[in-house]
Amino acid sequence: MAERAFSATRLPGFATIAVVVFLVLYLPIFTLVIFSFNDANSVAIWGGFSLRWYQIAWANDDVKEAAVRSLIIATSAALIATTVATMAALGTTRRAAFKGQTLIYVIINQPLMVPEIVTAVALLIFFGFIKVTTGYQGLGYLIAAHSAFCVPFAYLPIRARLEGMDLSLETAAADLYATPWQTFRKVTLPILLPGIIAGAMLAFVISLDDVVITEFVKSGGQDTLPTYMLGQIRRAVTPDVNAISTALLVLTVLLLTAFFLLTRRRD
Amino acid sequence: MNKDVAVEVRNAVKAFGQGDSAVRALDDVSVNIRKGEFFTLLGPSGCGKTTLLRLIAGFETPTSGEILLDGKDITRDPPNRRPVNTVFQSYALFPHLTVAQNIGFGLEMQGRPKAEIADVTANMLALVQLGPMAQRKTSQLSGGQQQRVALARALAPRPKVLLLDEPLSALDLKLRKEMQIELKRLQLETGITFIFVTHDQEEALTMSDRIGVMSAGKIQQIGAPRDIYTRPVNRFVASFIGESNFLSGAVETGGVRLSCGDLVDAAGSEGRSGKVTLAVRPEQVRLTRAGEPGALPATITDWVYFGTDTHCHLALSDGTEVVARLQSPATGDAGLEKGKAVALRFAPGAAQVLGD
């Protein structure tokens with residue numbers, strides 16, 4: 001009999017472990033989604049199917065305000081972070097290797113490595129100082145903070161796309177009479193676009209569900225959806241939080257699916 | 001200024017790195033490339049041939065020296081302002097564009113009218129026999145077809161000079177032979193000056209009007225393929241292009257006295273004196289019977305059968321090794337036996353005195 005190639009699927013307990021992992025990962029989320037359709041007032045006892053909590057959440061002006069605020073912040077942060085990340089990725093890959101390259105990577109990816117709570121406290125103090133000096137209290141602080149920690153999430157897919165892109169493409173464009181700007185517009189940008197969109201969506205999702213930094217940076221009355229929910233749960237656990245979470249989950253899943261489809265596409 | 005010269009490179013030096021660790025990729029290279037010729041830069045990897053090509057394209061600027069195109073100094077012009085196009089080793093086709101859009105790219109960047117772009121693109125597609133592929137993405141093409149798109153794209157703006165950076169190296173042998181013929185045909189049909197970079201001596205010999213052999217950042221010899229092969233100027237050229245036997249000797253009246261004591265005729269000994277090295281191609285070595293007058297006594301040390309020919313390894317009386325490439329006989333082994341005493345002769349004019 002021919003010897004079969006090694007496969008992890010034949011290791012003892014493979015199937016069991018796989019099932020356990022999937023259960024641990026998804027069972028809580030399934031429970032959340034199912035109980036968001038619960039007709040009962042309790043979050044733990046099933047009382048029949050109903051869209052009641054969705055209606056209640058939808059009718060709640062605080063929820064709507066927080067949702068709109070979340071979307072404004074996430075959209076602005078995604079746009080700013082993606083622009084910065086695109087420039088950073090071009091600057092670090094469309095050139096010969098240079099001294100200090102690793103240091104630059106570390107600096108760009110700093111938000112991934114520094115504990116979020118440290119950044120949050122630092123921003124609280126820093127923005128507090130600016131607030132006192134300028135008197136400005138608006139959403140700008142949240143947008144700035146979110147833009148900053150979203151940069152590495154936007155940077156990574158863009159850089160990955162650029163690294164897979166032959167540098168001689170730009171050389172060829174220049175050889176064929178394209179000015180540096182035309183080269184960027186007609187060659188670099190169109191090929192890079194899926195990476196940029198992927199980066200923007202990842203940044204959007206990361207901004208949308210941030211709690212720690214938002215909680216520290218926000219001024220009064222600047223709740224985003226996640227911090228609003230956190231505030232609600234502190235008082236009483238009501239099933240409308242399930243409904244909001246499910247809505248957020250659906251949005252995130254849609255965006256992440258689009259992200260995978262875009263990054264999977266290879267030319 | 002010479003009106004027949006397309007590209008003139010004057011004393012080009014290209015150094016990479018700083019101070020003591022600087023490497024001279026090009027070391028004072030001067031060459032004139034004539035209008036309408038197929039000129040090949042041939043040499044091993046790292047000899048500077050690609051650097052020279054990149055200087056002409058404008059992807060690098062020389063550390064010192066000048067590059068002239070049609071007599072005009074273009075040394076500092078960026079690549080997009082030079083009427084010179086390149087076929088890249090990796091083809092560098094734009095993956096987001098169709099075949100036709102790739103070919104029309106240069107014309108579009110020059111701001112030519114749409115009708116003209118469509119016209120030229122159609123002509124180019126016909127020229128490289130890719131008409132039916134016009135609307136395909138380049139990733140859907142085979143290697144040979146991609147190669148043709150790269151050629152058409154570089155030819156479409158009708159450059160004064162076409163630069164080709166080892167364009168055939170990624171193709172398999174059969175396709176490479178086809179493309180060699182195709183390239184030569186395109187060059188004759190378009191009349192454009194081609195500068196072709198390769199490390200493949202056969203490619204250089206079969207396609208070129210002239211070859212510039214490069215080594216260690218310098219041009220060693222420039223000449224027609226036949227000159228390069230039959231009259232190599234130094235040991236590098238003689239061994240890089242084809243194979244050679246090297247024999248040491250001293251110049252005397254009437255020829256060169258080899259170290260084994262025999263006197264032979266040699267081209268290029270005029271004006272030379274003292275110790276020299278002779279190069280003789282293996283196929284120019286003839287075997288004869290031992291004791292034949294005027295022939296060099298030798299002993300067969302080994303022989304290897306190669307199909308069309310047989311390589312016979314010989315030792316002269318002082319032990320110098322010589323290889324003779326003999327046509328294999330239809331039957332038998334031509335009487336080759338290890339240890340057999342024979343004699344050898346060089347074909348008239350085959351022995352060449354090398355420079356230092």
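Just so you know, these numbers use all the heavy atoms, side chains as well, and skip hydrogens, waters and symmetry mates. First the proteins, then the strands, lettered A, B, ... as listed; each starts at 1.
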- Any donor-acceptor pair under 3.5 Å linking the side chain of B:Lys14 with the backbone of B:Arg24? no
- Residue pair B:Glu37 / B:Gln187, side-chain heavy-atom distance below 4.5 Å: no
Scan the side chains in residues 85-92 of chain B for donor-acceptor partners under 3.5 Å anywhere in the protein, sequence neighbours excluded, and list what turns up.
residue, atom, partner, partner atom, Å
B:Asn85, OD1, A:Tyr177, OH, 3.4
B:Asn85, ND2, A:Asp175, O, 3.0
B:Asn85, ND2, A:Tyr177, OH, 3.3
B:Thr86, OG1, A:Asp175, OD1, 3.1
B:Thr86, OG1, A:Asp175, OD2, 3.4
B:Gln89, NE2, B:Ser169, OG, 3.2
B:Ser90, OG, A:Asp166, OD2, 3.0
B:Ser90, OG, A:Ser168, OG, 3.2

- Item | Under 4.5 Å from any heavy atom of chain A - which part of B:Phe59 | side chain
- Query: What residue, out of B:Glu108, B:Arg81, B:Arg82, B:Arg153, has the most heavy-atom pairs lying under 4.5 Å from chain A?
  - Reply: B:Arg153
- Considering non-hydrogen atoms only, spot the tightest contact between A:Met165 and A:Ile191 and give its length. SD-CG2, 3.7 Å
- Item | Non-hydrogen atoms of B:Leu171 and B:Gln147 that approach each other most closely | CD1-OE1, 4.0 Å
- Neighbourhood of chain B inside residues 73-84 of chain A, taking heavy atoms under 4.5 Å as contact: none
- Query: Which pair of heavy atoms, one from B:Gly48 and one from B:Leu26, lies closest together, and at what distance?
  - Reply: O-CD2, 3.5 Å
- Item | For chain A, which residues of residues 109-123 of chain B have heavy atoms nearer than 4.5 angstrom | B:Met109, B:Gln110
- Task: Before giving the answer on side chain to side chain donor-acceptor pair (under 3.5 Å), spell out for B:Glu203 and B:Thr198 the whole-Å C-alpha distance, their side-chain angles and the decisive distance to 0.1 Å.
- Result: CA-CA 8 Å; B:Glu203 214 162 85; B:Thr198 185; 3.0 Å; yes
- Salt-bridge contact B:Arg10-B:Asp73 (side-chain N to carboxylate O under 4.0 Å): no
- Message: Do the side chains of B:Glu178 and B:Arg176 get close enough for a salt bridge, i.e. N-O under 4.0 angstrom?
- Response: no
- Query: Heavy-atom distance under 4.5 Å to chain A: side chain of B:Leu107, backbone, both or neither?
  - Reply: neither
- Task: Can you spot which of B:Thr75, B:Val29, B:Val13 makes a side-chain contact (heavy atoms from CB on, under 4.5 Å) with B:Pro62?
- Result: B:Thr75
- Query: With sequence neighbours left out, what residues match A:Phe149 under ring pair (Phe, Tyr, Trp, His ring centres under 6.0 Å)?
  - Reply: A:His146
